Amino acid sequence: MASVEKLLTVRNRAGIHARPAALIAQTANKFASEILIEKDSTTINAKSIMGVITMAAGYNTVLTLKAEGSDAQAAVDAIYNLFENKFEEE
């Protein structure tokens, strides 16, 4: 089974609040793979809006995105693009 890992940087000034969290969870839920986001010693399920919000990731926070499953690479690429595009907020 494919396993993919990538570092993400929160580039939007407002950080991960409700709207980006919803976008992350909606995107993650399109994939069959298990998708996790790690911040410091905390690991959350990227498919959970509440989990993503409680991470409290502010501007310039570096997160580790991990996906495992048949579509892991596509899942990582899709979520990475959300971060790179600043969740279309700026």
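Small disclaimer: the values here were computed from a predicted structure and weren't measured. Values reported hereafter were calculated over all heavy atoms of this structure, with side chains retained and with hydrogens, waters and symmetry mates removed.
Nearest heavy atom pair, residue S48 against residue A25, reads C-CB, 4.2 Å. Between G15 and P20, the shortest heavy-atom contact is O-CG, 3.8 Å. Residues A14 and H17 come closest through the heavy atom pair CB-CD2, 3.6 Å. Heavy atoms only, all atoms of each residue included: G51 and I44 are closest at O-CG2, 3.7 Å.
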After noting the C-alpha distance and the side-chain angles of T9 and F83, does the key distance pass the side chain to side chain contact (heavy atoms under 4.5 Å, CB included) rule?
CA-CA 7 Å; T9 303; F83 278 80; over 6 Å; no
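Of the possible donor and acceptor atoms, none in the side chain of N12 sits under 3.5 Å from a partner among the backbone N and O of E89. Using modelled atom types, no side-chain atom of N45 and backbone atom of L36 make a donor-acceptor pair closer than 3.5 Å. In this structure, the side chain of D71 engages the main chain of S33 through a donor-acceptor pair within 3.5 Å. The backbone N or O of F87 sits nowhere less than 3.5 Å from a side-chain atom of N85 that would complete a donor-acceptor pair. Side chain of K39 to backbone of A56: a donor-acceptor contact under 3.5 angstrom is found. When atom types are taken as modelled, the side chain of K47 and the backbone of F31 share a donor-acceptor pair closer than 3.5 angstrom.
A continuous path of Ile, Leu, Val, Met, Phe, Trp and Tyr side chains, each step under 4.5 Å between heavy atoms, connects L82 with M55, placing both in one hydrophobic cluster.
Side-chain contact between I16 and I53 is absent, with no heavy atoms from C-beta onward closer than 4.5 Å. Put simply, the side chain of I37 does not reach to within 4.5 Å of the side chain of T64, judged on heavy atoms. Put simply, the side chain of L63 reaches to within 4.5 Å of the side chain of V10, judged on heavy atoms.
Atom CD1 of I79 is separated from atom NZ of K30 by 10.0 Å, given to the nearest 0.5 angstrom. With values rounded to the nearest 0.5 angstrom, E68 atom CD is found 6.5 Å from E34 atom CD. Rounding to the nearest 0.5 Å gives a distance of 5.0 Å between OH of Y80 and NZ of K6.
More than 12 heavy-atom neighbours from other residues, nucleotides or ligands sit within 6.0 angstrom of CZ on R19. Surrounding CD of E38 are more than 12 heavy atoms belonging to other residues, nucleotides or ligands, all under 6.0 Å away.
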